[in-house]
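Here is the structure we will look at.
We count residues from 1, following the sequence as given. Quick note: numbers below take in every heavy atom, side chains included, and nothing from hydrogens, waters or symmetry partners.
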Amino acid sequence: MSERLEDIAAAMVADGKGLLAADESSGTIKKRFDTIGAESTESSRRDYREMLFRADDAMKAHVSGVILFDETLRQKAADGTPLVDVIRAAGAFPGIKVDGGAKPLAGFAGETVTEGLDGLRERLTEYYGLGARFSKWRAVIAISDSLPNWTAVKQNAQALARYAALCQEAGIVPIVEPEITMDGTPGDHSIDRCATVTEWVLNTVFDELFDARVSLEGMVLKPNMVIDGSKARKASVDEIAEKTVRCLKATVPAAVPGIAFLSGGQNDKEATAHLSAMNAAYDMPWKLTFSYGRALQAAALEAWGGKPENVAAGQRAFGHRARMNGLAATGTWSQELENAA
Ligand code: 5MM
């Protein structure tokens, strides 16, 4: 596989392919396992993720890269093969989450700034050696009638830009993820409020990326869709598609090769339908695809249930979601295809 940043970025958003976000930190994966009554241990986390990465048909056809947590990047499959090699054998790039999480922003109640820049240059060198060719940093932006404050927007955008520049220096493609949360505070915001805040945040992020001399050709943007809050959900698929595309066209330079959405708490079928609607109805200068965590994994996690005898069922569930999202990435998903399967 090519090692040029722009080639890796282009391959990450190749037609009909997208990213599997499997980089849940220890606390988050425990919460996910709690929902199926499974214990979160080093080996159960390995077994679960190995199940996904060995779903060969889905991986080869629809997954261009997998975002990993530090532990997984270093882990070996049950037969001793490094998980990184399992991912590579499926033709996908291993990626690494390098942020240290969203921490309370001093002086700004309810808002966060993502930490993790200290020592990042050295960590990136190590991650490159371990096989990572792209990385992810997630900024979390609170939304309400009065939030976010400019300080939270600016400081998160600056951190994203510093992170992205360090990644490119290390030969690693940065996924730049500014997430305006759907859950929000309190989560009853309208789709138009989400559009206003998303446009503000993306404009600020691209200003900072420019100032930091980040090459836009060698990055991937991972934004939220423009959508109403989780306690206010009423916008149609077409309205979400239209307002999301309009917002991205107003803010994302054409030099960016691709945009890979987060699902942000949408259910899996909604996340697929929204992506497909955008690709089906609009001409855009960049690829639009998925970088879903929950929306790709929910069905597989439930089918697996923490039991070795359910691995094949978990892989079938994951394969189906990956296929549906692969179709969405080319605008060819339909409810009929979803039901037929
Ligand atoms: C997979 O979840 C990622 C890591 O979350 P934590 O740091 O909280 O453990 C998360 O960053 C994820 O990559 C994005 O939010 C997209 O995932 P969703 O579930 O929103 O598609």
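Taking the side chain as every heavy atom from C-beta outward, M284 and L248 never approach each other to under 4.5 Å. The closest side-chain heavy-atom distance from F134 to L19 is below 4.5 Å. Residues K76 and L83 fail the side-chain proximity criterion, which asks for heavy atoms closer than 4.5 Å. You'll find the side chain of W304 stays beyond 4.5 Å of the side chain of Q297, heavy atoms only. The shortest distance between side-chain heavy atoms of I180 and V197 falls below 4.5 Å. With contacts defined as side-chain heavy-atom distances shorter than 4.5 Å, the pair M59/R54 does not qualify. In this structure, V220 and S291 have side chains that are not in contact, with every pair of non-hydrogen atoms separated by 4.5 Å or more. Residues I240 and I191 are in side-chain contact: their nearest non-hydrogen atoms beyond the backbone lie under 4.5 Å apart.
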Checklist entry - Would K154 and Q158 count as a side chain to side chain contact (heavy atoms under 4.5 Å, CB included) if you check the C-alpha gap in whole Å, the side-chain angles of each, and the deciding distance to 0.1 Å? => result CA-CA 6 Å; K154 181 177 58 173; Q158 284 173 342; 3.9 Å; yes
Item to check | Residue pair E338, R321: steps toward the salt bridge (charged side-chain N to carboxylate O under 4.0 Å, His left out) verdict | outcome: CA-CA 9 Å; E338 183 79 58; R321 269 310 357 115; 2.8 Å; yes
Item to check | side-chain hydrogen bond (donor to acceptor under 3.5 Å, both in side chains) between T272 and Y292, intermediate numbers included | outcome: CA-CA 10 Å; T272 305; Y292 294 160; over 6 Å; no
Next on the checklist: N224 vs T198, test: side-chain hydrogen bond (donor to acceptor under 3.5 Å, both in side chains). Steps then yes/no.
Outcome noted: CA-CA 8 Å; N224 52 281; T198 304; 3.2 Å; yes
Checklist entry - Do E42 and Q75 pass the side-chain hydrogen bond (donor to acceptor under 3.5 Å, both in side chains) test, and can you show the C-alpha distance, the side-chain angles, and the key distance before you say yes or no? => result CA-CA 9 Å; E42 212 223 313; Q75 255 174 341; 3.0 Å; yes
Next on the checklist: Run the side chain to side chain contact (heavy atoms under 4.5 Å, CB included) test on Q168 and V214 for me, step by step, so that the C-alpha distance in whole Å, both residues' side-chain angles and the decisive distance to 0.1 Å come before the verdict.
Outcome noted: CA-CA 8 Å; Q168 292 189 337; V214 170; 3.6 Å; yes
Checklist entry - Given R32 and E302, is the salt bridge (charged side-chain N to carboxylate O under 4.0 Å, His left out) satisfied, shown in steps? => result CA-CA 10 Å; R32 306 274 184 267; E302 205 188 319; over 6 Å; no
Item to check | CA sep, side-chain torsions, deciding dist, call: D118, L120, side chain to side chain contact (heavy atoms under 4.5 Å, CB included) | outcome: CA-CA 5 Å; D118 287 353; L120 181 56; over 6 Å; no
Next on the checklist: Working note: S230 + D183, criterion side-chain hydrogen bond (donor to acceptor under 3.5 Å, both in side chains); need CA distance, chi angles, decisive distance, verdict.
Outcome noted: CA-CA 5 Å; S230 52; D183 293 338; 3.2 Å; yes
Checklist entry - Are K103 and T114 close enough, and set up right, to give a side chain to side chain contact (heavy atoms under 4.5 Å, CB included), and what steps lead you there? => result CA-CA 6 Å; K103 302 288 156 57; T114 298; over 6 Å; no
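Electrostatic pairing of R88 and D85 counts as a salt bridge here, judged by a charged N lying under 4.0 Å from a carboxylate O. Note on D23 versus K97: salt bridge recorded, some NZ/NE/NH1/NH2 to OD/OE distance being below 4.0 Å. A salt bridge does not link E199 to R246: none of the charged nitrogens lies less than 4.0 Å from a carboxylate oxygen. Ion pair E309/K307 not flagged as a salt bridge, since none of the NZ, NE, NH1 or NH2 atoms sits closer than 4.0 Å to an Asp/Glu carboxylate oxygen. Salt-bridge formation is detected for the pair K287/D15: a Lys NZ or Arg NE/NH1/NH2 atom is positioned less than 4.0 Å from an Asp or Glu carboxylate oxygen. Ion pair R233/E270 flagged as a salt bridge, since at least one NZ, NE, NH1 or NH2 atom sits closer than 4.0 Å to an Asp/Glu carboxylate oxygen. Ion pairing between a basic and an acidic side chain is recognised when a charged N comes within 4.0 Å of a carboxylate O; D99 and R138 show no such pairing. Using a cutoff of 4.0 Å between basic side-chain nitrogens and carboxylate oxygens, R213 and E169 are not scored as salt-bridged. Looking at K243 and D228, no side-chain N of the basic residue comes within less than 4.0 Å of a carboxylate O on the acidic one, giving no salt bridge.
A donor atom on one side chain and an acceptor atom on the other are found under 3.5 Å apart for T81 and D79.
Note: W200 and W150 have parallel aromatic rings, judged against thresholds of 30 and 60 degrees for the angle between ring planes.
V226 and C247 get closest at one heavy-atom pair: CG2-CB, 3.8 Å. Scanning both residues, E208 and A161, for their nearest heavy atoms gives O-CB, 3.4 Å. Closest non-hydrogen pair, A102 versus V140, comes out as CB-CG2, 3.9 Å. Here the closest heavy-atom approach between residue S44 and residue E39 is recorded as OG-O, 2.7 Å. Here the shortest heavy-atom pairing between A295 and N325 reads O-ND2, 4.5 Å. Contact detail for A328 and W333: the closest heavy-atom pair is N-CB, 3.9 Å.
Surrounding CG of N267 are more than 12 heavy atoms belonging to other residues, nucleotides or ligands, all under 6.0 Å away. Heavy atoms of other residues, nucleotides or ligands lying less than 6.0 angstrom from CZ of R46 number more than 12. The environment of N339 atom CG is dense: over 12 non-hydrogen atoms of other residues, nucleotides or ligands sit within 6.0 angstrom.
For the atom pair I143 CD1 and T181 OG1, the distance stands at 7.0 Å (nearest 0.5 Å). Atoms CZ and CG, from R74 and L68 in turn, are 11.5 Å apart once rounded to the nearest 0.5 Å. Note that CD of E177 is 4.5 Å distant from NZ of K136, once rounded to the nearest 0.5 Å. The line from NZ of K222 to CG of L160 is 12.5 Å long, rounded to the nearest 0.5 Å. The OG atom of S25 sits 11.5 Å away from atom CG of D70, with the distance rounded to the nearest 0.5 Å. Between atom CD of residue Q266 and atom CD1 of residue I227 there is a gap of 4.0 Å, rounded to the nearest 0.5 Å.
Listed for the T289 side chain is a donor-acceptor partner under 3.5 Å among the backbone atoms of K17. Between the side chain of S64 and the backbone N or O of G18, at least one donor-acceptor pair lies under 3.5 Å. Remark: the backbone N or O of L147 is not paired with any side-chain donor or acceptor of E111 at under 3.5 angstrom.
Of the residues K31, R49, R45, the one that meets the side-chain hydrogen bond (donor to acceptor under 3.5 Å, both in side chains) test with E24 is R49.
Criterion: ILVMFWY side-chain heavy atoms under 4.5 Å apart, direct or through other members. Under it, I172 and V84 are part of a common hydrophobic cluster. By the rule that hydrophobic residues join a cluster once side-chain heavy atoms approach within less than 4.5 Å of another member, L20 and W137 end up as members of one cluster. Hydrophobic cluster membership is shared by V245 and V201, with clusters built from Ile, Leu, Val, Met, Phe, Trp and Tyr side chains linked at under 4.5 angstrom. Y163 and I259 fall within the same hydrophobic cluster, where Ile, Leu, Val, Met, Phe, Trp and Tyr residues are linked whenever their side-chain heavy atoms come under 4.5 Å apart, directly or through other members. Note on F318: it clusters hydrophobically with I36, by side-chain heavy-atom contacts below 4.5 Å among ILVMFWY residues.
Taking the ring axis of Y128 as reference, the NZ or CZ atom of R133 stays within 45° of it and closer than 6.0 Å to the ring centre.
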